[in-house]
Amino acid sequence: MAEPTTLLILGASGDLTRRLLLPGLGSLLAVEGDRRVRVVGADRSEMGEDDWRARVREALEEAGAAPATVDALVGSTRYVRGDVLDPETLRELVGSLAAPLVVYFALPPAVTVQVCALLEHLELPEDTRLALEKPFGHDGETAAALNAQLQRVVPEERIHRVDHFLGIHSVLNLIGLRFSNRLLEPVWSNRHIERVHITYDESLALEGRAGYYDKAGALVDMIQSHLLQVLALFAMEAPRVLDAEEVRSLKAQVLRATELWGRDPVTASRRGRYTAGRVGDRDIPDYVDEEGVDPSLDTETLAQVVVEVRNSRWSGVPFILRSGKALREVDKQIEVVFQPPRLQPKGLHDTGLPDRLLLELRPGAVTFDLSMNAEGDPFELEQKHLHAELGKPRMTPYGEVLGSILDGDQLLSIRGDMAEECWRIVAPVLEAWRENRVPLEPYPAGSAGPEGWDVIPGLDGEPQSVSRHSQDHPDDSPDDS
Ligand code: NDP
């Protein structure tokens, strides 16, 4: 039998480990109970071995892993207390672990960089893989430097840059939806599609995460990372095989061809920040009054960037990427707006509404809004909704991503050059915002956001509406940015 893979979590007592990694591992093991994995947690926190075991047990049990699987993993896990920036502590820790090893950095980004520098000088078990979280650098230059540093530790084939959006089953469903039926594949281009909205609006506000969020903001937190990955998957050419090399190369082609709409960061971007308001039955304070917020940073809680994929398939189609917090509508979706029919018979009474395809990311669902004759006068058109719910995901996005990392499969990981491309795309926006060339627009918490964002100046020379059609969802899913 193959040796179990050791998952070393650095930062084991932190928020990511507790809220996402351990539950993700539990959901993976609930589905794949015979997976051979051993977990070692390391952190400087004073948590004892028993507390660690209890935490692991609770996460696995809550995720529904079988009792025998839970007992086996809890029985073999251990917790190492220490400062991983101390070279001797790190040497001893890594030296005590057997191959194959996955080192998961659940540490603050600056600490991760320092630990990587120390790993360069250590002998690592054979085939060691590194798993890193966002943010991957804070601009193109730092991302390139981090790439170079990581590649001095292990080759690129063993580096996993994690983006859990790639583990969301409705995002992965894009591949099946696009390429496994004859209906959509032929119309997936600028010949038939007018525009695409990729939206991730949440009703959740800051929820005590100022330490991280106030320095990142909506653009870096969501658009620079997750939403550009969704765009790449949406717009890529058809892969011949579903393997990491092919899919990631096709996605990288899309990102390399992606530019700001009109190549102007001022007209292609919008930013907003919530003020006091009410979301559902909760009173939300003004963002600047939230604990830990530094008003001088001018952090945006809502961002929109319009981009164009400048290749023959997509040029001329605006992709509107938007994400924000404390909003009334919980829109987590891709909306594909089709062009009007080329020739409609005279005498038909049009609805005036475009045909649309809505892919709800959370919870997963697919809806076609199509003009057709439905009831009454056969020449009077109306829009009908053809709706299909996607089944419950088999595991959490972190479970999917962890599974592929433990298998050494990079399909769900971001390649080094793609991380740099994503920074290249948003860099002019960040600069324009720093220079205050784009206003920071206030919106009351619980509203739909500032008005007027649905007009893209310069589209075909004239201001045009890019109206978003939102749907009501009964409840929000946890903040997973
Ligand atoms: P936390 O601060 O909650 O956890 C980090 C942990 O690392 C803390 O327990 C911290 O200990 C420990 N640590 C820091 N320095 C050392 C050291 N030198 N030696 C040993 N342990 C150390 O951060 P998060 O869990 O929130 O984030 C971890 C990473 O995951 C970050 O890169 C973040 O950007 C990323 N991420 C987080 C998400 C989240 O929802 N939390 C979502 C997506 C990505 P101490 O408390 O004593 O400082």
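Read the numbers this way: they start at 1 and go in the same order the structure lists the ligands and their atoms. Computation of the quantities below employed the complete heavy-atom set of this structure, encompassing side-chain atoms and omitting hydrogens, waters and symmetry-equivalent molecules.
Aromatic rings from Trp314 and Phe319 are positioned such that their centres are separated by under 6.0 Å.
Checking Arg44, Glu46, Arg19 against atom 40 (O) of ligand 1, the nearest heavy atom belongs to Arg19. In the candidate list Pro108, Ala110, Ala216, Pro108 is nearest to atom 14 (C) of ligand 1, counting heavy atoms. With atom 1 (P) of ligand 1 as the reference point, the heavy atom nearest to it among Val111, Val162, Val80, Asp15 is part of Asp15.
No donor-acceptor contact under 3.5 angstrom links the side chains of Tyr213 and Glu207, judged on distance only. In summary, the side chains of Thr142 and Asp139 do present a donor paired with an acceptor at a separation below 3.5 Å, with no hydrogens or angles considered. No side-chain donor-acceptor contact under 3.5 Å links Asp50 and Tyr79.
The shortest N/O to N/O separation between Leu16 and ligand 1 falls below 3.5 Å. Where the criterion is an N or O separation shorter than 3.5 Å, residue side chain and backbone included, Thr17 fails it with respect to ligand 1. Considering backbone and side-chain N/O of Leu107, one or more are found under 3.5 Å from N/O of ligand 1. Residue Ser13 has at least one N or O atom closer than 3.5 Å to an N or O atom of ligand 1. For Asp83, a nitrogen or oxygen atom sits less than 3.5 Å from a nitrogen or oxygen atom of ligand 1, counting backbone and side chain alike.
Under 4.0 angstrom from ligand 1, the non-hydrogen atoms of Ala106 all belong to its backbone.
Heavy-atom contacts of Gly11 reach the following atoms of ligand 1: 6 (C), 7 (O) (cutoff under 4.0 Å). Using a 4.0 Å cut-off to heavy atoms of Gly14, the atoms of ligand 1 that qualify are 3 (O), 4 (O), 9 (O), 25 (O). Atom numbering of ligand 1 starts at 1 in the shown order; those under 4.0 Å from a heavy atom of Gly82 are 19 (N), 20 (C).
Between Arg57 and the choices Leu73, Leu22, Val74, the side-chain contact (heavy atoms from CB on, under 4.5 Å) rule is met once, by Val74. Exactly one residue among Thr299, Val293, Thr301 makes a side-chain contact (heavy atoms from CB on, under 4.5 Å) with Leu206. That residue is Val293.
Here the CD-CZ distance, from Glu126 to Arg158, works out to 8.0 Å after rounding to the nearest 0.5 Å.
Residue contacts with ligand 1 include Arg209, since one or more of its heavy atoms lies under 4.0 Å from the ligand. Heavy-atom distances between Pro135 and ligand 1 reach below 4.0 Å in at least one pair. Remark: distances from the non-hydrogen atoms of Ala12 to ligand 1 are all 4.0 Å or more.
Using modelled atom types, no side-chain atom of Arg273 and backbone atom of Glu300 make a donor-acceptor pair closer than 3.5 Å.
Legend: side-chain hydrogen bond (donor to acceptor under 3.5 Å, both in side chains) pairs involving residues 166-175, not counting sequence neighbours: none detected.
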Decide side chain to side chain donor-acceptor pair (under 3.5 Å) for Arg248 and Gln410; before the verdict, give the C-alpha distance in whole Å, the side-chain angles of both, and the deciding distance to 0.1 Å.
-> CA-CA 9 Å; Arg248 298 196 313 165; Gln410 293 182 301; 3.1 Å; yes
